[in-house]
A.B. asks: 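One structure is given below, represented as structure tokens, and several questions about it will come after.
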Amino acid sequence: MPIRQTFWNIPHWAEIGQYILSLLTLIIFTYGVWRRVRRWRMGKPERRTDQLGNRLRSVIVQALGQLRTVKDVYPGIMHLTIFWGMVTLIIGTALATIDWDVTHLFFDFQFLNGVVYILFEVILDIFGVLLVIGLGMAIYRRYVVRPPRLRDVPGRNLAREDAYTLVMLTLVAITGYLVEGLRIAVTEPTWAAWSPVGNALASVINSFGDPTNQTLHLVLWISHILISFTLLASIPFTKLFHILAAPINIFFRPLHPVGALAPARYTSGPGVEQWPDFTWKQILDFESCSRCGRCQDRCPAYTSGATLSPRDVIIKLNAHLWKRENGNNLHGDVITAEELWACTTCLACVQVCPVFIDHLWSIVDMRRYLVDEGQIDSQLQDALANLGRYGNSFGQSERMRAKWTQPIQPKIKDARKEPVDYLWFVGDYASYHASLTDVTSKTAEVFQKAGLDFGILYEGEKNSGNDARRAGEEGLFEMLVEENTSAIGLCEFNAIVTTDPHSYNTLKNEYPAEINGDRPILHYTELLDQLITSGKLNFSKKLNYKVTYHDPCYLGRYNEVYDAPRRIILATGCQLVEMPRHHDQSFCCGAGGGRIWMDEIEVKERPSEARINEAVGLNGVQVFAVTCPKDVTMFQDAVKTTGQEDRIVVMDLIELVHEAM
Ligand code: SF4
Ligand code: SF4
């Protein structure tokens, strides 16, 4: 009967040596994990134990199923095969240990026999092959293809560090197969065909003869044991630690809406000055990074040539936890102000990270410190000062906020004075920016023609604070929230609507729930989509333009509003052509997180210009449609600077609706 021949050809001294080594490995491994956990515990407290069912589901889908990882096909398959190859071999080793050291020792019984053992051998052989394939793919990609997202960080040779993992894993797999092949070659079991790889190797090795094969078997068995235990013991001290930290990080991932930024903690100040100012979860984030570089690939700041790479930020912060060669001051020695201010808060990195690291949260926490210290771009400082003094970033009087309404008849209702169905939160750019007030007036006309009962807050409205918060000015954000909340609190309405995705995000996800109660907060595209679907808004003209649509970060990635704008475009009779990067892959315009207020950074190509070039590359697209006032200004400017005025025109979607009515 097939049965596992544990310690076949292994002398007693080697068997004893293996037990001593395994104990030593366990001690080193436990010490390594303990020092990591001790480091996490040095972070600020935070509660992450709610919704246990959802958390477990995340681990199953994302850690075991690797759902985000496989979205990127080549590295996804590569990682999946290595992961499951390793997991299966570890489970196999654990079963073999129980079979011999528990059931055999204490009950004189081996469950790895007969059909069970055959299955055990087949599964281990197949997953071992998958592991070897995955490792081959990884070595080819890492050392032949060498994609930029795997490049080294200053002062660290990541290629060399990765070589340790890849070489050790490959040696474990190869020596394991050879040991099996040599055992089969000498013992010639009847079930050998069920170990296809071992059997194939045995047929090659057979010719060496039994005495040689037995000696080779012992030498390779000892090598296999030494390499495997060294690899296991090194897990908590190398990049391999992510195989433990990542599932834990996924378990503790944020489950609140992605648009809700964690508030400042006001420990030694409002931000993070030194690494222990991070929470334990942020520290766990840094330790979970597998350095896959997906976040860097998607980062508009990095791809445009700015100094920021979200991958490097996480790698450097992790190294800094252990105070190696990269200096002791978090700000300056490890992370520079230029890196932090380059972030557009587009959320692409957070959304693509397979282990659910929240780069943005840590970046904003560090920005909060810079703001507190006055290490801030002068234009941003002016904009924030204007927000504090006037409630708008333009530094204009509050009384000018509703100047755009003056020519509009009938007069737009003041929602503070009379009840309305829809309270329109207009936003700063739509209210004050000279080239946008025409679009804002058209929005009012569309609302009026659609028969909506709506009103605005007039000078009672202040900037929503979404971008001030992401620029790191938490105190100012809190002040703006308070002022807007009291103004909105005076109004009677059934829903809030806004044209500005930034305001939409913070009103919906960050303002106190009492501003709306159960009443909906809508982006204007959601409202128009509802009106069109219910037949309350009809078009008299079919426009026939060839249109491409840009998903704004704060509407798409932050709030998953993707379909309503597209349905409206189609309803106006236009043809919709998607850019290569659309929906959650959309590419940021470069204005978010306060960047619109800051001095331009020297870059290869501005994100907005890259986006216009992407659209112009589509066959015959005439209109670049946007649904964010900031996008109108960013992309109109980019059309000019790229010299594409003759080929494409930037329009707010409301202009298409206005024209089609
Ligand atoms: S939020 Fe966007 S800009 Fe900021 S680091 Fe992430 S990908 Fe880059
Ligand atoms: S932060 Fe996430 S996406 Fe970026 S390199 Fe690390 S694991 Fe990959």
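Atoms within a ligand are numbered from 1 in the order they appear, just like the ligands themselves.
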A.B. asks: Looking at I335 and M366, what are the two nearest heavy atoms and their distance?
C.D. replies: CG1-SD, 4.2 Å
A.B. asks: Which atoms of ligand 1 sit under 4.0 Å from any heavy atom of L347?
C.D. replies: 1 (S), 2 (Fe)
A.B. asks: As an exercise, identify every atom of ligand 2 less than 4.0 angstrom from a heavy atom of R291.
C.D. replies: 5 (S), 6 (Fe)
A.B. asks: Considering non-hydrogen atoms of the protein only, which is the closest contact for atom 4 (Fe) of ligand 2, and what is the distance?
C.D. replies: C295 SG, 2.3 Å
A.B. asks: Are F286 and W275 close enough that their ring centers fall under 6.0 Å?
C.D. replies: no
A.B. asks: Which of the atoms of ligand 2 are close to G293, meaning less than 4.0 Å from one of its heavy atoms?
C.D. replies: 5 (S), 8 (Fe)
A.B. asks: Do any N/O/S atoms of C343 come under 2.8 Å of atom 4 (Fe) of ligand 1?
C.D. replies: yes
A.B. asks: Would R469 and E478 pass as an ion pair if we require N to O under 4.0 Å?
C.D. replies: no
A.B. asks: Could you check atom 5 (S) of ligand 1 against the protein and tell me its nearest heavy-atom contact, residue, atom and distance included?
C.D. replies: L308 CD2, 3.6 Å
A.B. asks: Set out, in order, the CA-CA distance, both residues' side-chain angles and the distance that settles ring pair (Phe, Tyr, Trp, His ring centres under 6.0 Å) for F624 and Y549, then state yes or no.
C.D. replies: CA-CA 6 Å; F624 186 93; Y549 173 65; 8.8 Å; no
A.B. asks: Can you find a non-hydrogen atom of Q296 under 4.0 Å from ligand 2?
C.D. replies: no
A.B. asks: Does R149 qualify as a cation-pi partner of Y302, given the criterion of NZ or CZ under 6.0 Å from the six-membered ring centre and within 45 degrees of its axis?
C.D. replies: no
A.B. asks: Contact between ligand 2 and I357 is defined here as a heavy atom of the residue under 4.0 Å from a ligand atom; is it met?
C.D. replies: yes
A.B. asks: Please round to the nearest 0.5 Å and tell me the distance separating atom CZ of R311 and atom CZ of R294.
C.D. replies: 12.5 Å
A.B. asks: Please write down residue, atom name and distance for the protein heavy atom closest to atom 6 (Fe) of ligand 2.
C.D. replies: C289 SG, 2.3 Å
A.B. asks: Which atoms of ligand 1 sit under 4.0 Å from any heavy atom of T344?
C.D. replies: 3 (S), 4 (Fe)
A.B. asks: For the pair R39 (side chain) and W280 (backbone), establish whether a donor and an acceptor sit closer than 3.5 Å, ignoring hydrogens and angles.
C.D. replies: no
A.B. asks: What do we get for P354 next to ligand 2 when only non-hydrogen atoms under 4.0 Å count, side chain, backbone, both or neither?
C.D. replies: side chain
A.B. asks: Which protein heavy atom lies closest to atom 2 (Fe) of ligand 2, and at what distance to 0.1 Å?
C.D. replies: C353 SG, 2.4 Å
A.B. asks: Indicate yes or no: at least one non-hydrogen side-chain atom of R367 is less than 4.5 angstrom from one of I363.
C.D. replies: yes
A.B. asks: Of the protein's non-hydrogen atoms, which lies at the shortest distance from atom 1 (S) of ligand 2, and what is that distance?
C.D. replies: H359 NE2, 3.1 Å
A.B. asks: Examine the proximity of ligand 1 to T345 and report which part, side chain or backbone, both or neither, has a heavy atom under 4.0 Å away.
C.D. replies: backbone
A.B. asks: Could you tell me if R611 sits above the aromatic ring of F635, with its cationic atom closer than 6.0 Å to the ring centre and no more than 45 degrees from the axis?
C.D. replies: no
A.B. asks: Looking only at heavy atoms, is any part of V313 under 4.0 Å from ligand 1, and if so is it the side chain, the backbone, or both, or is it neither?
C.D. replies: neither
A.B. asks: Does C299 bring an N, O or S atom to under 2.8 Å of atom 8 (Fe) of ligand 1?
C.D. replies: yes
A.B. asks: Once you measure the plane-to-plane angle for W34 and Y31, does it fall in the parallel (<30°), tilted (30-60°) or perpendicular (>60°) bin?
C.D. replies: tilted
A.B. asks: Closest non-hydrogen protein atom to atom 8 (Fe) of ligand 2, residue and atom name please, with distance?
C.D. replies: C292 SG, 2.3 Å
A.B. asks: Inspect the contact between D333 and K316 and indicate whether a charged nitrogen and a carboxylate oxygen are less than 4.0 angstrom apart.
C.D. replies: no
